[in-house]
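Order of listing sets the numbers, starting from 1, for every ligand and every atom in it.
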Amino acid sequence: MEILSPAKINLFLLVTGKRPDGYHTLFSLMAPVSLYDVLGVNFDCSGLSVTCDHPEVPSGESNLAFKAAALFFETARLEKQAAITIHKNIPVAAGLGGGSSNAAAVLNSLNIRFGNVFTTDQLMAMGAGLGADVPFFINSRPALATGIGETLELYDNLPQLPVLLIHPNISVSTAAVYKSLKFTLTKDKKISNILSFTKQTLFDAKAHLENDLEAVSVARHPEISEAKQRLLDSGATGVLMSGSGPTVFGLFSALRDAENAYHRLAGNAAPGEDIFLTTLLTDGIAAGKHGPS
Ligand code: ATP
């Protein structure tokens with residue numbers, strides 16, 4: 001069974017508070033994009049194994065996909081029986097949710113293989129124990145996220161816009177970004193606009209693109225604002241860093257414009273930088289849910 005595991009971007013991300021256990025609470029509009037890792041799942045084996053072809057991602061037990069599969073088999077009281085391979089296309093530790101997506105893909109595909117043992121809500125609850133973004137990838141549909149990211153309300157008002165991603169060749173630690181965050185929820189007009197955003201609100205790049213984590217990452221890595229500027233100069237209608245970065249994205253109103261920008265930017269990419277032409281997946285391709293190919 002070969003399954004696709006999409007990346008996500010955060011169209012806005014406000015940090016709304018800090019829980020007593022140290023986790024930050026968020027309000028975020030998340031959307032999947034058409035950049036995929038490819039997972040292979042073979043059931044003609046005994047035991048559980050996960051191998052990954054990316055040098056910075058562990059194979060075996062510490063891979064999030066392994067933890068997801070182990071949790072599935074234990075909760076379903078089934079004997080562990082899956083050999084999983086992961087081909088990474090999504091940059092790692094990039095603010096694109098790759099590990100969480102892989103974990104959700106495994107939960108979805110095992111659930112299908114073993115006859116829908118769990119409901120979608122049960123899979124989301126299992127995913128929440130693995131990582132705050134995992135429940136989002138069980139559906140992989142645009143959604144408003146609250147809590148630490150695990151409470152989701154589907155958002156159906158997003159157009160299927162083309163999106164260019166630039167992943168600068170730098171590493172950003174999510175934990176370090178949150179640690180340096182000076183938490184002050186300002187009362188400026190843009191922030192109150194976003195705080196009143198509901199699933200009925202129409203997304204408007206000018207009014208709503210905002211990421212509270214961006215200033216922290218930009219202060220350490222000027223490459224991030226420089227990549228945003230290149231996207232704007234190439235015709236993007238709005239640009240932002242995704243999650244804790246360092247990936248930045250540019251929204252385009254027409255595919256032709258995004259393709260032209262992609263060719264221009266890819267031709268002049270900095271060493272080690274990745275550039276991807278994608279679209280928002282407004283109808284979703286739930287990680288691991290589309291079955292055998
Ligand atoms: P986060 O904000 O949760 O760190 P991210 O999208 O920025 O998410 P990921 O690509 O998910 O980052 O990787 C985060 C870390 O998780 C990396 O250090 C990586 O080694 C580890 N990891 C474990 N399993 C996986 C996996 N299947 N795919 C990617 N990374 C994984």
Polar atom proximity, [X] to ligand 1 (N or O, under 3.5 Å):
{"X": "A94", "result": "yes"}
{"X": "G99", "result": "yes"}
{"X": "G95", "result": "yes"}
{"X": "L64", "result": "yes"}

Could you tell me which atoms of ligand 1, counted from 1 in the order shown, lie closer than 4.0 angstrom to a heavy atom of [X]?
{"X": "T174", "value": "1 (P), 2 (O), 4 (O)"}
{"X": "E56", "value": "20 (O)"}
{"X": "L96", "value": "6 (O)"}
{"X": "P58", "value": "20 (O)"}
{"X": "N102", "value": "26 (C), 27 (N), 28 (N)"}

Applying a strict under-4.5 Å side-chain criterion to I, L, V, M, F, W and Y, I'd like to know whether [X] and [Y] cluster together.
{"X": "L158", "Y": "L154", "result": "no"}
{"X": "I86", "Y": "L71", "result": "yes"}
{"X": "V216", "Y": "I148", "result": "no"}
{"X": "L251", "Y": "F197", "result": "yes"}
{"X": "L255", "Y": "V33", "result": "no"}

Looking at [atom], would you say a protein heavy atom lies below 4.0 Å from it?
{"atom": "atom 7 (O) of ligand 1", "result": "yes"}
{"atom": "atom 31 (C) of ligand 1", "result": "yes"}
{"atom": "atom 18 (O) of ligand 1", "result": "no"}
{"atom": "atom 3 (O) of ligand 1", "result": "no"}
{"atom": "atom 21 (C) of ligand 1", "result": "no"}

- [ ] Verify side-chain hydrogen bond (donor to acceptor under 3.5 Å, both in side chains) between D37 and N89, making sure each step is shown before the conclusion.
- [x] CA-CA 5 Å; D37 289 341; N89 293 310; 5.1 Å; no

Task: Flag side-chain contact, heavy atom, 4.5 Å: L161 against F252 - done: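 With C-beta onward as the side chain, the pair stays apart.
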
- [ ] Taking only Lys NZ, Arg NE, NH1 and NH2, and the carboxylate oxygens of Asp or Glu, determine whether E56 and K88 approach each other closer than 4.0 Å.
- [x] no

- [ ] Look at D204 together with K206 and state whether they make a salt bridge at an N to O cut-off of under 4.0 Å.
- [x] no

Open item on the list: Whether R113 engages the ring of F43 as a cation-pi pair (distance to the six-membered ring centre under 6.0 angstrom, angle to the ring normal within 45°) should be assessed.
Closed with: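 Cation-pi check for R113 and F43: passes.
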
Give the residue and atom name of whichever protein heavy atom lies nearest to [atom], and the separation in Å to one decimal.
{"atom": "atom 13 (O) of ligand 1", "result": "A93 N, 3.5 Å"}
{"atom": "atom 27 (N) of ligand 1", "result": "N63 OD1, 2.8 Å"}
{"atom": "atom 25 (C) of ligand 1", "result": "V57 CG1, 3.6 Å"}

Open item on the list: Test of understanding: with side chain to side chain contact (heavy atoms under 4.5 Å, CB included), list the residues that count as partners of D233, not counting sequence neighbours.
Closed with: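 Only Q229 meet the side chain to side chain contact (heavy atoms under 4.5 Å, CB included) criterion with D233.
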
TODO: Compute the minimum heavy-atom distance from G243 to ligand 1 and say whether it is under 4.0 Å.
DONE: no

TODO: Under 4.0 Å, heavy atoms only, figure out whether ligand 1 is touched by the backbone of K88, its side chain, both or neither.
DONE: side chain

TODO: Please check if the distance between the ring centroids of F118 and F72 is under 6.0 Å.
DONE: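 Between F72 and F118, which both carry aromatic rings, the centre distance is below 6.0 Å.
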
